[in-house]
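Each remark here refers to the structure printed beneath this line.
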Amino acid sequence: MKALVVPGYGTPGTFTVEDLPIPEPGPGQLQVRVAAASLNPADLLMTAGTVREMVPLDFPFVPGTDVAGTVTKIGPGTRGFEVGEEVFGFGAPPSFAAGVGIPAVTSGALAEYATFQAGPFLAKRPPKLSVVTAAALPSTGMTGLAVLERGRFQPGETVLVIGAPGGIGSVVVPLLAAQCVVLATGTGPDRDYVRGLGATEVIDHRGIDLIEEVRRRHPGGIDAVVNLALTGEAVIDATRTLRPGGRLLSTTPGTPAHPAVTTVMGTTDLRPGTMDTLAAHVLDGILPEPATTTHPLSDAARALEDLAQQHTRGKLVVIVDPAATR
């Protein structure tokens, strides 16, 4: 099979598409013919070695955690799935799964075939849910739902979403907008996109101090901040927008400790049926179809470079089997 291969810790420019043996499913696993796989910042953090203490990788390594495809083999003792079924979901390198304590191992989704652990991180894809949308949903959707659950947002609250145009923002903003007043960041053409997701107020923060602008517009403070982009001490600075008793939820790795800040990892907040819930939200119109940019598998390394170097709207999706996405 063809797969994107990472030879060692480094940048996407060192990754190449090569021939590898097709992985066989172990106990409790499925082999999936991959139709599409979406990219996430975690792919870059892992392959760059940024989180190697927590997630050490074995090389050669095949990246990719979010998948849509067809079950082609079933491992011993695996229940709940059949060969030929269309599935979508999430898997992580064995070291990540072991470190976080989740049953969601994969051999790597950026390949023509991959193995995935059967369980709550994998679900059957409804026929009306497109392959590309299904591949784009898992990581961002899990994290978005976890933010909503951990935030315990109340009707009428004012919430600032920082990094709203990205993949997680495309889930968080519409779900928040159903009950809250949503302020969101968005620059240039992203302003209309974020407003279309349901934001009441969009702040173009180019050339201004975002935190001071929010304080100017809302001098009494806002109820909550959802941070999807800031890192380091900038996260703590964002707490200056909060009213007394307000809270900040952050999804970025390495968020500093602070009494008002809660770090959210969607994979640790997963509940049975989460994937089915995400699919239903899209099919019911509660969540819009995510904005996606697609690349062929042969261009997967450049897609990861784009993710690393460019501002992206929504999700980048690698089409592994073009025939399956038509």
Side-chain angles (χ1 to χ4, degrees), residues 38-41 44 136 139-141 143-144 147-148 151 153 156-243 246-256 258 260-261 264 286-293 303 305-317:
S38 68
L39 308 183
N40 294 290
L44 297 169
S139 288
T140 55
T143 305
V147 166
L148 270 291
F153 300 98
E157 286 192 317
T158 299
V159 184
L160 169 66
V161 180
I162 302 173
I168 301 174
S170 68
V171 175
V172 168
V173 172
L175 293 180
L176 275 178
Q179 60 175 335
C180 297
V181 176
V182 178
L183 320 180
T185 60
T187 61
D190 286 337
R191 290 174 59 86
D192 289 339
Y193 172 67
V194 173
R195 197 174 294 279
L197 292 175
T200 302
E201 192 174 328
V202 182
I203 303 173
D204 187 335
H205 55 283
R206 291 176 297 182
I208 66 171
D209 184 319
L210 171 64
I211 305 308
E212 289 302 322
E213 177 64 14
V214 175
R215 284 164 58 87
R216 183 187 68 79
R217 298 187 186 194
H218 300 271
I222 60 176
D223 298 294
V225 174
V226 176
N227 170 54
L228 311 175
L230 301 179
T231 59
E233 290 304 312
V235 178
I236 305 305
D237 190 45
T239 62
R240 296 194 298 115
T241 65
L242 297 173
R243 62 164 177 77
R247 68 271 191 209
L248 186 152
L249 294 95
S250 180
T251 66
T252 55
T255 296
H258 186 279
V261 179
V264 179
I286 297 171
L287 284 177
E289 293 270 345
T292 55
T293 302
E305 285 184 339
D306 288 348
L307 182 63
Q309 298 174 8
Q310 300 180 17
H311 169 78
T312 57
R313 178 191 296 177
K315 294 283 289 184
L316 297 180
V317 178

Here's a test for you: under side-chain contact (heavy atoms from CB on, under 4.5 Å), which of Ile203, Val202, Thr185 qualifies with Val194?
Val202

Per the salt bridge (Lys or Arg N to Asp or Glu O under 4.0 Å) rule, which among Asp190, Asp192, Asp306 passes with Arg313?
Asp190

Is Glu157 salt-bridged to Arg247, cutoff N-O under 4.0 Å?
yes

Quick check: does any side chain N or O of Thr241 sit under 3.5 Å from a backbone N or O of Ala238, one acting as donor and the other as acceptor?
yes

Verify side-chain contact (heavy atoms from CB on, under 4.5 Å) between Val225 and Thr239, making sure each step is shown before the conclusion.
CA-CA 8 Å; Val225 174; Thr239 62; over 6 Å; no

Between Val159 and Ile222, is a side-chain contact (heavy atoms from CB on, under 4.5 Å) present by the stated rule, with each step listed?
CA-CA 6 Å; Val159 184; Ile222 60 176; over 6 Å; no

Between Glu201 and Arg195, is there a side-chain N and carboxylate O pair less than 4.0 Å apart?
no

Side-chain donor/acceptor of His258 to backbone N/O of Ala260, under 3.5 Å:
yes

Take Glu213 and His205 through the side-chain contact (heavy atoms from CB on, under 4.5 Å) test and state the conclusion after the steps.
CA-CA 8 Å; Glu213 177 64 14; His205 55 283; over 6 Å; no

Looking at Val235, Val161, Leu160, Thr251, which one forms a side-chain contact (heavy atoms from CB on, under 4.5 Å) with Asn227?
Val235

Short side-chain donor-acceptor distance under 3.5 Å, Thr252 and Thr255
yes

Step by step, would you call Arg216 with Glu212 a salt bridge (Lys or Arg N to Asp or Glu O under 4.0 Å)?
CA-CA 6 Å; Arg216 183 187 68 79; Glu212 289 302 322; over 6 Å; no

Is the side chain of Lys315 donor-acceptor paired with the backbone N or O of Ser38 at a distance under 3.5 Å, no angle test?
no

